[in-house]
Structure formats: structure tokens, C-alpha cells
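These numbers come from the heavy atoms of this one structure, side chains and all, not from hydrogens, waters or symmetry mates.
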Amino acid sequence: MTAHLPEPTPRPVPAGELRASHDDREAVVEQLRDAAAEGRIDLDELDSRLEQALTSKTYGELALLTADLPIPPSSAVRSLPPLVLKGGMYGASRGPSRWEVPGHVIAHAGVGGVSLDFTRVECRLAEVVVEAYGETSGVTIVIPDGWATDTTGMDPGFGGIKDKTTPDRLPGTPLIRLAGSGGMAGVVIRHPSKRERRKLEGNASRD
């Protein structure tokens with residue numbers, strides 16, 4: 001009797017290898033033209049990058065064309081005050097519903113903990129500073145695939161920092177720059193779990 005071997009599980013495609021759409025290419029073209037108008041790149045370089053942008057097939061190829069360019073935030077986003085979340089006794093959360101992302105978020109876990117979920121937001125900021133304090137119960141931060149994080153400015157404390165994100169950053173997405181301290185319980189930053197991804201797909205189909 002021939003044993004049936006299980007089929008291999010498909011390898012997740014890295015964010016940078018995902019296929020880009022016409023809208024993705026147009027967004028990069030617009031960013032390049034703005035950069036040339038601001039004097040960040042000259043006309044020869046603009047022509048070269050535009051040609052590459054229009055023929056790029058993946059997010060990774062597009063990301064290379066804008067990696068050295070800032071993403072200007074809208075004036076409305078820039079004027080938003082810092083968002084402060086305090087876990088207190090019963091915990092606090094923001095997301096996964098849609099919410100406006102300011103340039104600075106402060107999360108104090110307290111006894112109840114804090115959950116910060118960026119998976120359904122649209123953010124055109126170049127970076128968002130998340131000042132997280134793990135304290136007694138910890139802070140959990142969930143960011144979409146294609147967003148990147150920098151934890152070098154954070155004090156791990158006793159609880160530590162668990163960065164479970166991938167380094168692949170898609171064009172037009174912010175860098176989440178962590179500051180603060182892990183405290184006793186620590187800080188975790190990650191991409192959505194399988195269960196969370198299924199829920200997001202269900203929400204997207206209803207939007």
C-alpha cells in the first residue's frame with residue numbers, strides 16, 4: 001500500500017515579491033514627480049526612475065525607487081495631537097477598526113495592558129513614533145504586512161522587546177519607531193495572526 005505524503009505547505013510570499021497594481025505604480029510616479037518638484041532628484045534621475053516605476057512588477061522593485069525619499073504627511077494628520085492609551089486596571093485598545101493615526105502614540109500598559117492594532121488604518125506618514133511602556137501587563141502592537149519597525153531606540157527593561165515583524169517595507173508605508181521601555185511585562189510587535197488575517201479578509205469583503 002502506497003503511503004500518501006502530505007502536500008507541502010505553500011511558502012508565504014514575502015511582501016516585496018507581491019505583484020504591484022497600476023494604482024501602486026501611479027502612486028510611486030506621483031511621489032517621484034513631487035520629489036523632482038522639490039529639488040530632491042534632478043530631471044535625468046526623474047526620467048530614469050519613472051521608466052523603472054512604469055515597468056516594475058513587484059512592490060520590492062517600486063520600494064527601491066522611493067527608499068531615499070520622505071513621504072510628506074497631510075496637514076490634517078500632522079496636526080493631530082499625540083494619542084495616549086492607559087491600560088489602567090481593565091486594559092485599553094485601539095483598533096482593529098479604522099482610526100486616525102497621529103505621528104506620536106503613547107501606550108502605558110498599567111495592570112490591564114494595552115493593544116494597539118494598525119491593520120485597518122490608512123497612514124501616509126513617513127514614520128510613527130510609538131512610545132510603549134510594558135509596565136505590569138505589557139503592550140501588544142499589530143502592524144500590517146509590508147510595514148516595518150525600528151526598535152533600536154527602546155529600553156528592553158525586564159520584560160524585553162519581541163519584534164516578530166519582517167524587514168520587507170512596501171512603498172508608501174510608515175516606519176513604526178518604538179521608544180519607551182519594556183517594563184516588567186515587555187512589548188510585542190508583530191504582524192496579524194492567521195485568525196486575525198481571516199477576520200480582516202471578512203471585514204474587507206463587507207466594506
Hey, what do you get for [atom1] ([X]) to [atom2] ([Y]), rounding to the nearest 0.5 Å?
{"X": "M184", "Y": "T136", "atom1": "CE", "atom2": "OG1", "value": "7.5 Å"}
{"X": "Y90", "Y": "S137", "atom1": "OH", "atom2": "OG", "value": "13.0 Å"}
{"X": "R169", "Y": "I176", "atom1": "CZ", "atom2": "CD1", "value": "9.0 Å"}
{"X": "I161", "Y": "I189", "atom1": "CD1", "atom2": "CD1", "value": "10.0 Å"}
{"X": "I143", "Y": "T165", "atom1": "CD1", "atom2": "OG1", "value": "5.0 Å"}
{"X": "L85", "Y": "S93", "atom1": "CG", "atom2": "OG", "value": "8.0 Å"}

Tell me the closest heavy-atom pair linking [X] and [Y], and the distance in Å.
{"X": "V128", "Y": "P174", "answer": "CG2-CB, 4.3 Å"}
{"X": "Y59", "Y": "A20", "answer": "N-CB, 4.2 Å"}
{"X": "A109", "Y": "G138", "answer": "CB-O, 3.3 Å"}
{"X": "L69", "Y": "L32", "answer": "CD1-CD2, 3.8 Å"}
{"X": "V187", "Y": "S181", "answer": "CG2-O, 4.1 Å"}
{"X": "G134", "Y": "A185", "answer": "O-CB, 4.0 Å"}

Shared ILVMFWY cluster between [X] and [Y], side chains joined below 4.5 angstrom?
{"X": "L116", "Y": "V84", "value": "no"}
{"X": "L50", "Y": "I41", "value": "yes"}
{"X": "W147", "Y": "L178", "value": "yes"}
{"X": "V142", "Y": "M154", "value": "no"}
{"X": "L43", "Y": "L54", "value": "yes"}

Any [X] side-chain heavy atom under 4.5 Å of [Y] side chain:
{"X": "F118", "Y": "P144", "value": "yes"}
{"X": "P102", "Y": "W99", "value": "yes"}
{"X": "L62", "Y": "D24", "value": "yes"}

Return the orientation label for the H108 and Y133 ring planes: parallel under 30°, perpendicular over 60°, tilted otherwise.
parallel

Starting from the C-alpha separation in whole Å, work towards a yes-or-no answer on salt bridge (charged side-chain N to carboxylate O under 4.0 Å, His left out) for D68 and R49.
CA-CA 12 Å; D68 58 347; R49 294 196 191 196; 3.1 Å; yes

Go through the steps for R19 and K57 under the test side chain to side chain contact (heavy atoms under 4.5 Å, CB included), then give the verdict.
CA-CA 6 Å; R19 290 282 177 158; K57 292 183 172 59; 3.5 Å; yes

Is the backbone of [Y] close enough, under 3.5 Å, to the side chain of [X] for a donor and an acceptor to pair up by distance?
{"X": "R25", "Y": "S56", "answer": "yes"}
{"X": "R98", "Y": "R120", "answer": "yes"}
{"X": "H104", "Y": "P81", "answer": "no"}
{"X": "E135", "Y": "G110", "answer": "yes"}

Determine, stepwise, if the pair K164 / T149 fulfils side chain to side chain contact (heavy atoms under 4.5 Å, CB included).
CA-CA 10 Å; K164 300 179 180 180; T149 184; over 6 Å; no

What residue pairs, at least two apart or across chains, pass salt bridge (charged side-chain N to carboxylate O under 4.0 Å, His left out) with a residue in residues 176-195?
E127-R177, D150-R177, R190-E196

Please determine if R40 and D34 form a salt bridge, counting it only when a charged side-chain N lies under 4.0 Å from a carboxylate O.
no

Got a sec, which residues hit side chain to side chain donor-acceptor pair (under 3.5 Å) with T119, two or more places apart in sequence or on another chain?
D117

Quick one: do the E51 and T55 side chains pair a donor with an acceptor below 3.5 Å?
no

Side chain to side chain contact (heavy atoms under 4.5 Å, CB included) for T140 and V114? Distances and angles first, verdict last.
CA-CA 6 Å; T140 299; V114 167; over 6 Å; no

Chi angles and distances behind the side chain to side chain contact (heavy atoms under 4.5 Å, CB included) call for E100, V121:
CA-CA 7 Å; E100 287 188 295; V121 304; over 6 Å; no

